[in-house]
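Taking it in order: structure first as structure tokens, then the write-up.
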Amino acid sequence: MPKDKDELEQFEEQEEEEVEESSEEYIQESAITAETPTNTPPSILIDVTYDGKAGKALLKLYDFINDRIYYWYDNTGHRPYLITDIPPEEVASKYRAVFRVKGFDHMDVVSKFDPLEMRQKTYTIIYAKDPLSIGGGRESIRDLLPRSWEARIKYHLSYIYDNGLIPGMFYRVENGKLTRVGVEVPGDIRKLGEELYAGDDEYLGAFREWLPLFQAPVPPLKRVAVDIEVYTPQENKIPNPREAMYEIIAIGLAGSDGLKRVLLLRRPGMEMNPDEVGMLLSSDVELMFFDSERDLLKEFFKEIMAYPILVTFNGDSFDLTYIYNRALKLGFRKEELPIVLTRDGEARYVLGVHIDLYKFFSIRAVEVYAFGGKYSGGEKTLDAIASALLGISKVEREKPIGELSYIELANYNFRDALLTLYLTTFNNELTMKLIVLLARISKTPLNDVSRYQVSAWIRNMVYFEHRRRGWLIPNKEDVINAKGGVATKALIKNKKYAGAIVIEPVAGIYPSVYVLDFASLYPSIIKRWNLSYETVRCPDEKQANDPGNKPVPNLPHWVCTNMRGLTSLLVGLLRDMRVYVYKRLAKSEKDPQQKDYYNVVQAALKVFINASYGVFGAEIFPLYCPPLAELVTALGRLAITKTIVKALDLGLTPIYGDTDSLFLYNPDMGKLEELVNWVKEELGIDIELDKAYRILALSGRKKNYAGILQDGSVDMKGLVGKKRNTPDIAKEAVKDVVHLFSTIGGIGDVEKVTEAIKDRVKEYYLMIRNKDVPLDKLAIKMAVNKPISDYTKNTPQHVKAAELLSKYGVKVGPGDIIFFVKTSTKEGVKPVQLARIDEIDVDKYVEYLRTSLEQILDALGISFENIVGSRLM
DNA sequence: GCGGACTGCTTACCT
DNA sequence: ACAGGTAAGCAGTCCGCG
């Protein structure tokens, strides 16, 4: 199993550039099925998919009490369809070919609300017997018509929307009919919403609708983590999972029910040394030996089928794909296998759901918002993520896989399976709960939630609401055509519109600084100003010409006041539920289990809220709406500017601010409160005290400061000394100096501490001058973000170092971090492995030390040159 | 032929 | 591949320089 980044990359799909989103679903090649009873106990809906053989939507339900998986096939006659504005008679006369499509079923007339034209319209709906006949197949109805809508929505999602299904919620089958199981909501929580939204039936209704999704518990989902080892004749060469040429010699299984097992292949010439048994890392791991690989796989398939959820780390690209192809090679028939490979590189688990944690943890929004960037900045390997989240450090393997003894192999193999399982169990099953909650909010099956980015989740959530309201889902081009382009210019080249404001900070040391922060500024703006793709620049002339409908005076965009915007309502609701309900509950709840759960709820909500503005400025989002995005940032600029003016008015002293924050120097507490109230009153947005510094050092650069908070902790932002690529020696110097800085108790200490800092700086300077530093502390660690061959415009230093490395046979690819030092050799750089201390370019490192330290020294008004003497060498 | 001013590319950060 | 704004370093280009 590949664990290193470059190894992972080898299996990333290269050719699957699916430009067109097809409605095609995977072909169910497997004949394995679960029971389909006419009555079931309450069960959790874990997957919704399309079964090509049955030609129907298929729901997978997990009954966690009796530990059973059930299938439920659609029996309502639901069919794939598309919508067109061509009347049926015209279809019949002008587009007769539609009827000749083999999967054509029938036509009908429907009335839908067009959110762009903002009126009810009549459409023709054309049904097909299978998704491919709508679009994606050899001959499809979509391709025969000049205009169609909703023809690119994948069928299983369409099925979810039309039936109001919520993946992750509880359902039961009663006399063959699928029904949702009710959820008990405590009266005091319901009351919170009733008070919050008194008199606003739209919000109140939505609140009641959404509450059960958060109140329904997430039951323990039985799962098994899987990891395989493959024999390879060449060391450091990872076997190709598509070819599956070599033997699978071990499969590790770690179950949430306590299963600890390694299936091992007996190999000629390898003996089991009985003395070694005591060396098993976990003594209760059960080893099972097999004489044939076929039997080993047979046992594997049998074992996993006791679980509704299969968990892997990179199983889509490696483990499960390898197993699948290897099984075919060994004579298994496709129908016998519980795994199916899809065209877009997924390895699906037929009975339940396969969750590939490599994919899930690679989702940017999960990484940043749900896990607070804890594993950011490094490699996304099992070891790296496990070490960041679980604090388990890496165990090195000393020999090639093929040379390990049975016990060594079992230890190595089982450990990875166990780590994979741990990634789903730590913090009270945080990961599983998060996935289920994300599925509920987005109406997306667990399978897709764990594989698609946040824009797909938000798309699904919003599409679901369209269908619920009987709205037509517009095509992407319709939105752009109706809403037009932008009116502002970005400061950064190649960006589409203007963003946030950053206030120019004045360098200096400031005792007692209070920071005010707009509470989720952009979502609040979306709520407060009724911003939604359909309300912004709505088609009503009267609305367009009413100056009162222009939220930003110097922007030409107006916003509809007649109806509440869909996304405004959704974002507003989710934001309120997070702030007023689940953050509060998470704080007040006594039961630790329940407290943890509320925290997962508020973290899941955070993901959606934080991404809600960005998607409207992202071209890949199907409701991409630049005027909406630019209104949000413009209103943000207005909010912070007005707040600053008011602050000055009140005699407060703003010294810095960035986007949604305002730094106030030594404020009068009464005035501060006055400002907060004014903002709430006049701007209709919440602003709150975020943090307070005992002392703050502004370097004079934007996004760049260090401060000591009231609890004595250091808060460093943007300083070079904090960046990953800065050599450790410079980082240490900064850390040292900041520590000295933190000893400043009052303004009276400044001089004394300044002297101490000067001395320390000089020490570091001399250390570098005298090359009295270990080489690895001089290493610059910089990531390669694309294939080396793609650096055509220029050759940055880290790429030069990478090229030197490749001469020694070290392969470098995207995601790899290059360690290099600056040398006085011809290239100017060398990979740290190849360099000697006497080749170091001392001046360059003094320069590094200078820029790192100056960001602190500038605040203190000290010059680096003064300390070290302007010595040019 | 060389150095300074400049632009553009690249990475890592902030909100 | 949810957004834009900023710091910093280096590569490469242009231009002046009697």
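So that the names make sense, note that chain A is the first sequence line, chain B the second, and so on, each numbered from 1.
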Of all the choices, [options], which nucleotide is nearest to the side chain of [X] once you look at every atom?
X	options	answer
A:Pro796	B:dT10, C:dG4, B:dA12	B:dT10
A:Tyr613	C:dC2, B:dT10, C:dA3	C:dA3
A:Ser455	C:dA3, C:dA7, C:dC2	C:dC2
A:Lys717	C:dA11, B:dT15, B:dA12	B:dT15
A:Ile492	C:dG4, B:dG8, C:dA8	C:dG4
A:Arg701	B:dC14, C:dA8, C:dG12	C:dA8
A:Asp658	B:dA12, C:dG5, B:dT15	B:dT15
A:Lys702	C:dA7, C:dG5, C:dC10	C:dA7
A:Asn704	C:dA7, C:dG4, B:dC14	C:dA7
A:Val720	C:dC2, C:dG4, C:dA8	C:dA8

No-hydrogen, no-angle side-chain donor-acceptor test under 3.5 Å, [X] and [Y]:
X	Y	answer
A:Tyr463	A:Arg459	no
A:Ser699	A:Asn704	yes
A:Ser455	A:Gln453	no
A:Asn460	A:Thr444	yes
A:Tyr764	A:Asp736	yes

What contact category does [X] fall into here, base, sugar-phosphate, or nothing, at under 4.0 angstrom with non-hydrogen atoms?
X	answer
A:Thr633	nothing
A:Thr851	sugar-phosphate
A:Glu619	nothing
A:Lys489	nothing
A:Asn785	sugar-phosphate
A:Tyr452	nothing
A:Gly499	sugar-phosphate
A:Ala365	nothing
A:Tyr497	sugar-phosphate

Notebook entry, point to check: So do the side chains of A:Val607 and A:Leu434 get within less than 4.5 Å of each other, counting heavy atoms only?
Noted result: no
Note to self: Is the shortest side-chain heavy-atom distance between A:Ile441 and A:Met461 below 4.5 Å?
What the structure shows: yes
Just how far, in rounded Å, is [atom2] of [N] from [atom1] of [X]?
X	N	atom1	atom2	result
A:Tyr624	C:dC2	OH	C1'	12 Å
A:Lys786	B:dC9	NZ	C1'	8 Å
A:Arg364	B:dC14	CZ	P	12 Å
A:Glu688	B:dT15	CD	C1'	15 Å
A:Glu504	C:dT6	CD	P	9 Å
A:Leu849	C:dA8	CG	P	15 Å
A:Met782	C:dA8	CE	P	14 Å
A:Tyr848	B:dA12	OH	P	10 Å

Item checked: Residue mapping more 5' on DNA chain B - nearest nucleotide basis, A:Asn725 or A:Tyr656 ->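 Its nearest nucleotide being more 5', the pick is A:Asn725.
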Next item on the list: Name the residue closer to the 5' end of DNA chain B, choosing between A:Phe663 and A:Ala783 according to the nucleotide with the nearest heavy atom.
Entry: A:Ala783
For [N], take OP1 and OP2 only and decide whether either is under 4.0 Å from a side-chain N or O of [X].
X	N	result
A:Lys495	C:dG4	yes
A:Tyr705	B:dC13	no
A:Lys844	C:dC10	no
A:Tyr791	B:dT11	yes
A:Gln797	B:dT10	no
A:Thr659	C:dG5	no
A:His798	B:dT10	no
A:Lys781	B:dT11	no

Note to self: Taking the six-membered ring for Trp, are A:Phe663 and A:Tyr510 closer than 6.0 Å centroid to centroid?
What the structure shows: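 They do not qualify: ring centres at least 6.0 Å apart.
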Checklist line | Residue whose closest nucleotide on DNA chain C lies nearer the 5' end, A:Lys800 versus A:Lys496 | finding: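 Nearer the 5' end of the strand: A:Lys496.
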Checklist line | Toward the 5' end of DNA chain C, by each residue's nearest nucleotide, A:Ala500 or A:Ala456 | finding: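 Result: A:Ala456.
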